[in-house]
Structure formats: structure tokens, C-alpha cells
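Take a look at the structure below.
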Amino acid sequence: MIDDAYGATIAKLSLSAILTDLRVARGLTASQVCEGLGWGRGKLGRFEANHWKRPELSDIRDLLRLYDIEPYEQERITELALLARKRPWWRDYGDVFETEYPGFENDAADIEIFSPLTIPALLQTRRYAEVQHSRLKPAMRARGRLVEAVLTRQRILSRDDGTAPTLIAVVTEAALLYTWGSPADRLEQIRHLARLNSRPHVDVRVHSFAAGPPPFPLGAVTLMRFRLDGPAVVLTDTGLTSAIVTDRDEVDRHAAWLRRLREQAHDQIKTGEYLAELTKGLLPQVDLAEIE
């Protein structure tokens with residue numbers, strides 16, 4: 001089922017870009033606009049930088065009147081603002097998410113991920129997420145919130161209304177061979193990857209040791225493209241800091257880098273064969289009663 005706020009995050013980003021273009025086209029500074037509308041200093045700058053949670057329709061209409069926008073264009077921009085005002089599910093996880101990344105992920109048509117040290121959140125089993133986050137958050141409630149958020153994010157892959165994104169995930173062999181949890185836990189995760197890899201819109205690729213170290217940078221990188229109007233977005237994550245990149249040149253550089261990684265990694269078929277071999281290696285270590 002489609003999310004009630006599907007498209008809201010990218011709509012807000014697009015609205016910010018549109019408002020910036022309209023002001024620049026009229027030769028106005030942000031300070032001049034704020035002064036003309038009686039707004040506090042910096043208010044428009046926050047809008048244009050997409051540093052706002054929900055656009056107020058009254059503010060949008062004031063800007064459109066000031067910019068003397070044609071009625072049909074006003075209607076289009078107002079509809080975009082109405083979509084941008086919808087409250088996405090992840091707003092209830094302010095204690096978990098520091099950026100709007102899950103909103104972009106929710107709206108994406110295409111997602112490309114490189115994860116050098118861990119299995120990407122969209123591909124994790126519950127147990128993997130629990131073990132992973134137990135290292136980050138000692139408090140049980142905090143861990144539970146993180147795991148719940150991960151599993152909620154994964155719902156985008158199960159949409160049956162045509163909005164499920166195409167996902168390409170490059171995972172390093174190291175991430176698959178780390179020892180964590182029990183052998184049964186690890187077997188469950190490998191089988192889960194294999195099942196996901198068989199879906200028509202999911203492509204998991206293993207970057208093997210034989211391919212050599214991945215090219216710089218070494219942190220996790222996610223590239224997202226959208227059906228709705230709006231620029232592509234990149235999230236970089238070092239584990240300590242994360243950033244959302246929208247600059248077109250920077251996005252293009254990351255896209256080229258991800259393309260190199262895909263070319264170095266096993267293709268989808270060879271990855272399936274590799275996962276099957278991992279499964280065979282784990283089976284003798286597992287008490288079958290644990291996985292029934």
C-alpha cells in the first residue's frame with residue numbers, strides 16, 4: 001500500500017529549488033523579499049535551503065503574489081506545497097533519524113547503495129539489526145527504536161502498487177564474513193539476501209576480496225533518483241557523520257564512483273552462486289532445530 005506521505009520529502013526539496021529560482025529570476029535578494037513581506041531575517045533563506053519541516057501555505061502564497069506568478073503556475077506550486085506538508089511516518093522517529101534521509105528513501109524510484117562494512121539496512125534481518133544496534137545503543141529501548149525504524153524502512157521493497165523502488169546494493173565480502181550472532185543468525189541473513197536478490201526489482205552484488213579494495217571513499221554511499229520532479233540525492237555516511245548531497249556535480253561524481261563499484265562486483269547471478277556457497281558453509285555449524 002502506498003504511504004500516505006509518499007512524495008512529500010522530495011516535494012519539499014523541489015519547492016525549495018523552485019522558490020529560489022523564482023526569486024533569482026526577479027533579481028531580488030532574500031533580504032529584500034523578507035523586508036517586503038515583513039518576515040524575520042533569514043526566514044526565506046531557511047526555506048530555500050530546505051531547512052523547514054512543513055511549508056505554511058500562507059507563506060507560499062505571499063511569495064507567489066510578490067513574484068507575480070501566473071495563476072496556473074500558482075496552482076501547480078500550491079499543489080506541490082500541499083504534498084510537502086504531509087507528515088511522513090519517520091517524523092515519529094525524531095530520536096532515531098538526524099536527517100531527512102528516510103523520507104528521500106521513501107520517495108525514491110531508484111536506489112543504489114554501497115556498504116563497505118555492514119549489510120545495508122534495507123536488506124537486514126531483524127536479528128542482524130538487533131546485533132548491529134546493540135553496539136551503538138546500550139539502552140534496550142533505544143535499540144528497540146532503532147530496529148523498529150529499520151524494519152519500517154524496509155516496507156518500501158514490499159509495495160505492490162507500482163511504487164516499490166529498484167534497488168542495487170553492492171555489499172563487500174568482508175561485510176558478509178564478519179562473525180556476529182550465532183551461525184543460525186548468520187545463515188538466516190544470507191538466505192534473506194538470496195531471497196531478496198531473486199526479486200525482479202532488487203539486485204544484490206558482492207564486491208569480493210579478489211576485486212581489491214574499493215575506490216575512495218570508504219564510507220557508505222546511497223544514491224537516490226525520483227519519479228517526481230526533483231534532483232537526485234546522495235547520502236554519505238562514515239558511521240560518525242552523515243551528509244545529504246544535492247549539488248548536481250557532486251551527485252554526478254558519486255554516481256560515476258558507484259558505477260565503477262558495480263563493474264568491479266559480482267553480477268547478480270554470480271552473487272547468487274556466492275550466497276549459495278556461503279549457505280553450504282554455514283549449514284554444518286547450525287543446529288537445524290534453531291532454524292525450523
Mind listing the closest non-hydrogen atom pair of Arg126 and Leu151 along with its distance? NH2-CD1, 3.1 Å
Same cluster for Ile119 and Val150 if Ile/Leu/Val/Met/Phe/Trp/Tyr side chains link at under 4.5 Å? no
Within this structure, what is the OG1-CG distance for the pair Thr222 and Leu122, rounded to the nearest 0.5 Å? 8.0 Å
Please determine whether side chain to side chain contact (heavy atoms under 4.5 Å, CB included) holds for the pair Ser182 and Glu188, giving the CA-CA distance in whole Å, both sets of side-chain angles, and the decisive distance to 0.1 Å. CA-CA 10 Å; Ser182 69; Glu188 178 192 28; over 6 Å; no
Would you mind reporting whether Phe104 and Thr99 have side-chain heavy atoms less than 4.5 Å apart? no
Worked verdict on Phe114 versus Thr172 for side chain to side chain contact (heavy atoms under 4.5 Å, CB included): CA-CA 8 Å; Phe114 169 64; Thr172 63; 3.8 Å; yes
Excluding sequence neighbours, so at least two apart, what forms side chain to side chain donor-acceptor pair (under 3.5 Å) with Glu56? none
Is there a side chain to side chain contact (heavy atoms under 4.5 Å, CB included) between Thr279 and Leu187? Walk through the geometry before answering. CA-CA 6 Å; Thr279 297; Leu187 178 62; 3.6 Å; yes
Determine, step by step, whether Leu258 and Val170 satisfy the side chain to side chain contact (heavy atoms under 4.5 Å, CB included) criterion, reporting the C-alpha distance in whole Å, the side-chain angles of both residues, the deciding distance to 0.1 Å, and the verdict. CA-CA 9 Å; Leu258 286 168; Val170 177; over 6 Å; no
Does any non-hydrogen side-chain atom of Leu15 lie less than 4.5 Å from one of Leu83? no
Which pair of non-hydrogen atoms, one from Trp180 and one from Gln189, has the smallest distance, and what is that distance? CZ2-CB, 3.8 Å
Distance from Glu100 atom CD to Lys12 atom NZ, nearest 0.5 Å? 3.5 Å
Backbone N/O of Leu157 and side chain of His201: donor-acceptor pair under 3.5 Å: yes
Minimum heavy-atom separation for Leu57 to Ala81, with atom names? CD2-CB, 3.8 Å
To the nearest 0.5 Å, tell me how far Glu70 CD sits from Arg76 CZ. 13.0 Å
With no hydrogens and no angle check, is any side-chain donor or acceptor of Arg225 less than 3.5 Å from a backbone partner on Ala109? no
Are Val206 and Leu282 grouped together when hydrophobic residues (ILVMFWY) are joined by side-chain heavy atoms under 4.5 angstrom apart? yes
If the test is side-chain contact (heavy atoms from CB on, under 4.5 Å), which one of Val202, Asp107, Asp110, Ile156 qualifies with Pro165? Ile156
Count I, L, V, M, F, W, Y as connected when their side-chain heavy atoms are under 4.5 Å apart, and connections chain through other members. Are Ile18 and Val24 then in the same cluster? no
With Asp252 via side chain to side chain donor-acceptor pair (under 3.5 Å) - residues at least two apart: none
Student check: side-chain heavy atoms of Thr166 and Asp203 closer than 4.5 Å: no
Classify the ring geometry of Trp90 against Phe97: parallel below 30°, tilted from 30° to 60°, perpendicular beyond 60°. perpendicular
Under 4.5 Å between any side-chain heavy atoms of Thr9 and Glu105, yes or no? no
Donor-acceptor pair, side chain of Gln154 and main chain of Gln124, under 3.5 angstrom: yes
Could you pull out all residues at least two apart from Phe209 that satisfy ring-ring contact (aromatic ring centres under 6.0 Å, His included)? none
Is the shortest heavy-atom distance from the side chain of Arg186 to the side chain of Pro183 under 4.5 Å? yes
Value for OG (Ser14) from CG (Asn50), rounded to nearest 0.5 Å, stands at 9.0 Å
Would you check, one step at a time, whether the test salt bridge (charged side-chain N to carboxylate O under 4.0 Å, His left out) holds for Arg23 with Glu48? CA-CA 10 Å; Arg23 176 183 58 77; Glu48 293 184 357; 2.7 Å; yes
Just wondering, are more than 12 heavy atoms of other shown residues or ligands nearer than 6.0 Å to CZ in Arg85? yes
Spell out, yes or no, whether Leu235 and Ile111 are grouped together once hydrophobic residues are joined by side-chain heavy atoms under 4.5 Å, including indirect joins. yes
Taking the side chain as everything from C-beta on, heavy atoms only, tell me whether Ile113 gets closer than 4.5 Å to Val171. no
Does Arg260 come within less than 4.0 Å of Glu263, counting only side-chain N to carboxylate O? no
Above 12 or not: heavy atoms from other molecules or residues under 6.0 Å from CD of Glu35? no
Starting at CG of Leu193, measure out to OG1 of Thr125 and round the result to the nearest 0.5 Å. 8.5 Å
N/O donor-acceptor pair under 3.5 Å between Ser242 side chain and Asp237 backbone: no
Is there side-chain contact between Thr236 and His254, with heavy atoms separated by less than 4.5 Å? yes
Show me the pairs that pass ring pair (Phe, Tyr, Trp, His ring centres under 6.0 Å) and involve residues 44-69, at least two apart or across chains. Trp39-Phe47, Phe47-Trp52
Check for me, please, whether Ile69 and Ile60 land in the same ILVMFWY cluster - side-chain distances under 4.5 Å, paths through other members count. yes
Value for CD1 (Ile77) from CG (Leu22), rounded to nearest 0.5 Å, stands at 5.0 Å
Any idea which heavy atoms bring Ala5 and Pro88 closest together, and the distance? CB-CA, 3.5 Å
For the residue pair Tyr6 and Arg159, establish whether any side-chain heavy-atom pair is separated by less than 4.5 Å. yes
Please find the pair of heavy atoms, one from Thr152 and one from Glu148, that lie closest to each other, and give the distance. OG1-O, 2.8 Å
Is a salt bridge present between Glu130 and Arg127, judged by a nitrogen-to-oxygen distance below 4.0 Å? yes
Give a yes or no on whether a salt bridge exists between Lys43 and Asp59, defined as a side-chain N under 4.0 angstrom from a carboxylate O. yes
Could I get the full list of side chain to side chain donor-acceptor pair (under 3.5 Å) partners for Tyr128, not counting sequence neighbours? none
Give a yes or no on whether the backbone of Cys34 and the side-chain of Arg41 come within a donor-acceptor separation of less than 3.5 Å. no
Where do Leu261 and Pro214 come nearest, in terms of heavy atoms and distance? CD2-CB, 3.7 Å
Quick note, salt bridge (charged side-chain N to carboxylate O under 4.0 Å, His left out) partners involving residues 267-277, not counting sequence neighbours, are Glu277-Lys280
Quick check against the 3.5 Å criterion: does Gln268 have a side-chain atom that pairs as donor or acceptor with the backbone of Asn197? yes
